[in-house]
2 protein chains.
Amino acid sequence: MSTPPTEVFRRYLSAMVLNSLATAEAAGLNATDYYTLNLLDLSGPLTSGELAVRTGLTTGATTRLIDRLEKAGHVRRVPDPADRRKVIVEATGQLAGLDEVLAGTRRRIGELLGSYSDDELATLFDYFRRAATAYTEATDELIGARQG
Amino acid sequence: MSTPPTEVFRRYLSAMVLNSLATAEAAGLNATDYYTLNLLDLSGPLTSGELAVRTGLTTGATTRLIDRLEKAGHVRRVPDPADRRKVIVEATGQLAGLDEVLAGTRRRIGELLGSYSDDELATLFDYFRRAATAYTEATDELIGARQG
DNA sequence: TCTAATATCTGCAAGGAAGCAGATAATTCC
DNA sequence: GGAATTATCTGCTTCCTTGCAGATATTAGA
């Protein structure tokens, strides 16, 4: 009596969610800040206004959000040379400062991936690539109700 | 010039984190509440005290946490027949009420998984199963500093 | 049985994130 | 060049979560 597929996937999802939230917590980030860092990681630099739209916050709250992230060294404000009213927000590194916190997780997942053959890895990374797109589309749809 | 593996994986992770946080937000759950529901999903019913330890909250804050989740219909309090001081907290369903919110994500991932052969699916689900263990261990390690 | 320990809950206060409205600076359009 | 628009920021207030300390109920131990 093996575990059914949907159950396996559900456990995988829950385990990842717990891990990501525990990681954020350990790094001293609240949900909004963690969300924003992942957003910048995925989308690249965004203006303050774009961040406001993508996070669903007001521009005022977004200014405070950027303040927090900048103070913690996670992002930096860069003036937009083309429009000096705008502020471009870019991450200072790959989720700067999370490295120590992520180490244990990275090591375990790295070892796990190392146990697969090249063919299997090709399958897994094909999934990772396509799932990233699927998740991003699903997220946009989820947030879409808010933006239009 | 294809994308390097670590970059693919990083994008996958970020996309999942954004999706999970957007899901929680859409369901009206804050990070703590969402964490707790996933914890109950993964661990099964826990007492109030156990929840306090696993979330890192005080027992007082944990009472309020359970109040919120119970009011929203996500969990129910069950008296422990063996020790009537204790309160066992169990989820009312699989992340009750999140179904509509998760629909778009589930459909996309379902379609994606449907595009793989049986052999490939075996590889993917082997990964899901083992990665769940790896993430859980990494989470415990991350939280361990707090508990011991 | 009486006392100590344990589990949960409640009252109160503190801290932080967010909204709102108005201020400031820069750009666009006529 | 001047008015209207746009982008970000600031002051103030509100709401929500959490901690802390003490209350209550139950169990365990001498």
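Letters A, B, ... mirror the listed sequences (proteins, then strands); counts begin at 1.
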Given D/dT26, C/dC9, C/dA25, the nucleotide with the shortest approach to the side chain of B/Asp83: D/dT26
A/Tyr12 versus B/Phe125: any side-chain heavy-atom pair under 4.5 Å? no
D/dT6 C1' sits how many Å from A/Arg84 CZ, rounded? 15 Å
Nearest to the A/Arg85 side chain among D/dC9, D/dA7, C/dC9, which nucleotide is it? D/dA7
Considering only side-chain heavy atoms of A/Ala61, which listed nucleotide, C/dC9, D/dA25, C/dA18, is closest? C/dA18
Across the strands shown, which category fits A/Asn30 at heavy-atom distances under 4.0 angstrom: base, sugar-phosphate, nothing? sugar-phosphate
By nearest atom, which of the nucleotides D/dT18, C/dA18, C/dC9 is closest to the B/Arg64 side chain? D/dT18
A/Thr59 or A/Asp33: which one's nearest nucleotide on DNA chain C is closer to the 5' end? A/Asp33
Just compare C/dG19, D/dT6, D/dG19 and give me whichever is closest to any side-chain atom of B/Leu57. D/dG19
Could you tell me whether the side chain of A/Ile66 reaches within less than 4.5 Å of the side chain of A/Thr36, counting heavy atoms only? no
Proximal nucleotide (of C/dA7, D/dT10, C/dA17) relative to the A/Thr63 side chain: D/dT10
Taking atom types as modelled, is there a side-chain donor on B/Thr47 or B/Asp80 under 3.5 Å from an acceptor on the other? no
A/Asp67 CG to C/dA18 P, in whole Å, measures 12 Å
Starting at CG of B/Leu51 and ending at P of C/dA7, how long is that distance when rounded to a whole Å? 14 Å
Please state how far atom CG in B/Leu65 lies from atom C1' in D/dC16, giving the value in whole angstrom units. 13 Å
Starting from P on D/dT8, measure out to CD1 on A/Ile66 and report it in whole angstrom. 8 Å
Check every strand shown and say whether A/Thr47 touches a base, only sugar-phosphate, or nothing at a heavy-atom separation below 4.0 Å. sugar-phosphate
Looking at B/Arg68, I'd like to know whether one of its side-chain N or O atoms comes within less than 4.0 Å of OP1 or OP2 on D/dT18. yes
Side chains of B/Thr136 and A/Leu18: closer than 4.5 Å at any heavy-atom pair? no
What is the distance, to the nearest angstrom, from the NZ atom on A/Lys86 to the C1' atom on C/dA25? 15 Å
Expressed in angstrom and rounded to an integer, what is the separation of A/Asp80 atom CG from C/dA26 atom P? 13 Å
A/Val87 vs A/Thr63 side-chain heavy atoms within contact, under 4.5 Å: no
With respect to the phosphate group of C/dG19, does any side-chain polar atom (N or O) of A/Thr58 fall under 4.0 Å of OP1 or OP2? yes
Hey, does A/Gly49 reach any base, or is it just sugar-phosphate, or nothing, if we go heavy atoms under 4.0 Å? sugar-phosphate
So, A/Thr32 versus A/Arg68: side-chain donor-acceptor pair below 3.5 Å or not? no
The nucleotide from D/dC9, C/dT8, D/dT27 with an atom nearest the side chain of A/Ser48 is D/dC9
Quick one: is B/Thr32 getting a side-chain N or O under 4.0 Å of the D/dT18 phosphate, OP1 or OP2? yes
Starting at atom OH of A/Tyr35, determine the distance to atom P of C/dA17, rounded to an integer number of angstrom. 18 Å
